[in-house]
Amino acid sequence: MSYFLSPIYYTFEVQLSGMLNKLVNKYNIAGPRYTSYPTVPYWDNETFSLKQWRASLIKSFKESNSKEGVSLYIHLPFCESLCTFCGCNKRITKQHSVESPYITALLKEFDLYLELFNEKPVIKELHLGGGTPTFFSPDNLKLLIKGILRRSTLSKNYEFSFEGHPNNTTRAHLQALYDVGFRRVSYGVQDYNATVQKAIRRIQPFEHVMQATEMAREIGYTSVGHDIIFGLPFQTLAHVKETILKTKMLLPDRLAFYSYAHVPWIKGNGQRGFKDSDLPSADLKRRQYELGKQLLSEVGYREIGMDHFALETDALYQSMRSGNLHRNFMGYTASKTQAMIGLGVSAISDSWYGFAQNTKNIEAYYDLIKNNILPVYRGHILGEEDLIIRKHILNLMCQFKTAWSHDELYFNEIPEVIERLQEMKKDGLLNVGSNSIEVTKKGQPFIRNICMAFDLLLQRKQPDTQLFSMTV
């Protein structure tokens, strides 16, 4: 494969500077990524209670378990080394003796949830996130999943997926998880440039990613994904070009191609391994994204919602075409379940009517589980207004349009929302109808800004300090 850009690139770069620079400067503000509404900083933790959360989940389970099943997110927090770009909840250790106690606690937590239900949960979707799930041995991962399956039944079209580290995902890991139903894996690639990798402390040669990708396909995985980040320290357009062109050689079924979220004031020392001045400017970040998108489109990738791409053969693209694309704390998913149970430290659960997050401290988590208490430390129960706004933001994030022609989606502040969108309308980012809006192609990179116009809690109380990463 040639590592030279097509002639289209040179025209594209000139056009990009003229079209987007002004918009990037105008709309590059701090804003949520909207994996939930309300967003976590606006949860009403003061009135939230474990009793309310249990009631909301029981209600959701009764409504949806037999129809669509439930999703499980399992957080495996351990990593052998710290990556400085990472914003996840993790515990750095090389002691693998932590595996067995943690699995025991996870299964005990699942049992505490099962006590709330009058029937076995039907598992539609299960995802292992981290941390580094492949920190755990193949045998222990198999033990965990078999423990979950003994307590559940499987949906007819279930999907199991996990996040793999290319440096330590072995054939034994892939085979063990395949044997218990996994068919999708996503690998964290980030960037292939040595300088960038050194800055983020994630050294992994292309050959490791290639080997991990090919092994998964040989075993029978039907969807292999890669995660690529732009806006990393010292990253240039040339680095993004190199990473995308190498990615095209492997042709993963789906890609997450997203902006590095620099939030060291939230994530602590893990994101302070470099200076702010080492990060690309907002303009350069946008050009990195547009260049990557251009190169991906040339070989058949289709853009899915925000920051995601897939080949037309992948379930994520097909769900977008059919209108079934969904977004939650796991990102974009090919199907929706009303109830999602999060297991493990920091995991977030979603009953549709409420959110609940587990404690982030492993020792506190163990103590609560030992005392037969769900390890939830904060959450939010959604009111009627919250539910309406949530639907609008989901529509925008998944379909780039929303409407309020039906009474159940109308709310009194619609005129104020339309007023807030007028400047974006003038800039060609969206079209406004009598009872609907639709985001244009030009406006899709600014979808977070558009959603912010609907975010009534954010509009009513602007934060005094920066809570979110920049939107561009």
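Atoms considered below: every heavy atom in the structure, side chains included; atoms not considered: hydrogens, waters and symmetry mates.
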CA sep, side-chain torsions, deciding dist, call: E80, N168, side chain to side chain donor-acceptor pair (under 3.5 Å)
CA-CA 10 Å; E80 288 196 346; N168 66 14; 5.9 Å; no

So, the side chain of [X] versus the backbone of [Y]: is there a donor-acceptor pair under 3.5 Å, distance only?
{"X": "H392", "Y": "I389", "result": "no"}
{"X": "T35", "Y": "G331", "result": "no"}
{"X": "Q459", "Y": "M452", "result": "yes"}
{"X": "Q211", "Y": "E207", "result": "no"}
{"X": "S60", "Y": "S56", "result": "no"}
{"X": "N65", "Y": "V122", "result": "yes"}
{"X": "Y158", "Y": "T153", "result": "no"}
{"X": "E312", "Y": "G300", "result": "no"}
{"X": "H308", "Y": "Y258", "result": "no"}
{"X": "N324", "Y": "S335", "result": "no"}

Is there side-chain contact between [X] and [Y], with at least one heavy-atom pair below 4.5 Å?
{"X": "T333", "Y": "E159", "value": "no"}
{"X": "S100", "Y": "N140", "value": "yes"}
{"X": "Y260", "Y": "I200", "value": "no"}
{"X": "P38", "Y": "F355", "value": "yes"}
{"X": "L394", "Y": "Y37", "value": "no"}
{"X": "S71", "Y": "F329", "value": "no"}
{"X": "T169", "Y": "M215", "value": "no"}
{"X": "Y34", "Y": "L396", "value": "no"}

Under the rule for side chain to side chain donor-acceptor pair (under 3.5 Å), what residues qualify as partners of H208, not counting sequence neighbours?
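H208: side chain to side chain donor-acceptor pair (under 3.5 Å) contacts with N167.
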
Results of side chain to side chain donor-acceptor pair (under 3.5 Å) for K59 - residues two or more places apart only
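Checked K59 against side chain to side chain donor-acceptor pair (under 3.5 Å); zero matches.
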
When you look at CD of E363, are more than 12 heavy atoms from neighbouring residues, nucleotides or ligands closer to it than 6.0 Å?
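Enclosed: over 12 neighbouring heavy atoms sit under 6.0 Å from CD of E363.
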
Should we count CD of E408 as having more than 12 external heavy atoms under 6.0 Å?
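Yes.
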
[Y] and [X] aromatic ring geometry - parallel, tilted or perpendicular at 30°/60° bounds:
{"X": "H127", "Y": "Y73", "value": "parallel"}
{"X": "Y289", "Y": "F309", "value": "tilted"}
{"X": "Y365", "Y": "Y102", "value": "tilted"}
{"X": "F162", "Y": "F182", "value": "perpendicular"}

Where do D314 and R184 land on the salt bridge (Lys or Arg N to Asp or Glu O under 4.0 Å) test, with the steps shown first?
CA-CA 11 Å; D314 190 79; R184 188 167 76 78; over 6 Å; no

Ring centroids only, cut at 6.0 angstrom: are F257 and H226 within range, meaning strictly under it?
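No: the rings miss the under 6.0 Å criterion.
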
Establish, yes or no, whether the cationic atom of R183 lies under 6.0 Å from the six-membered ring centre of Y221 and within 45° of the ring axis.
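Geometry flag: not set, cation outside 6.0 Å or 45°.
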
Would K124 and E68 pass as an ion pair if we require N to O under 4.0 Å?
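Salt bridge between K124 and E68, a charged N being under 4.0 Å from a carboxylate O: no.
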
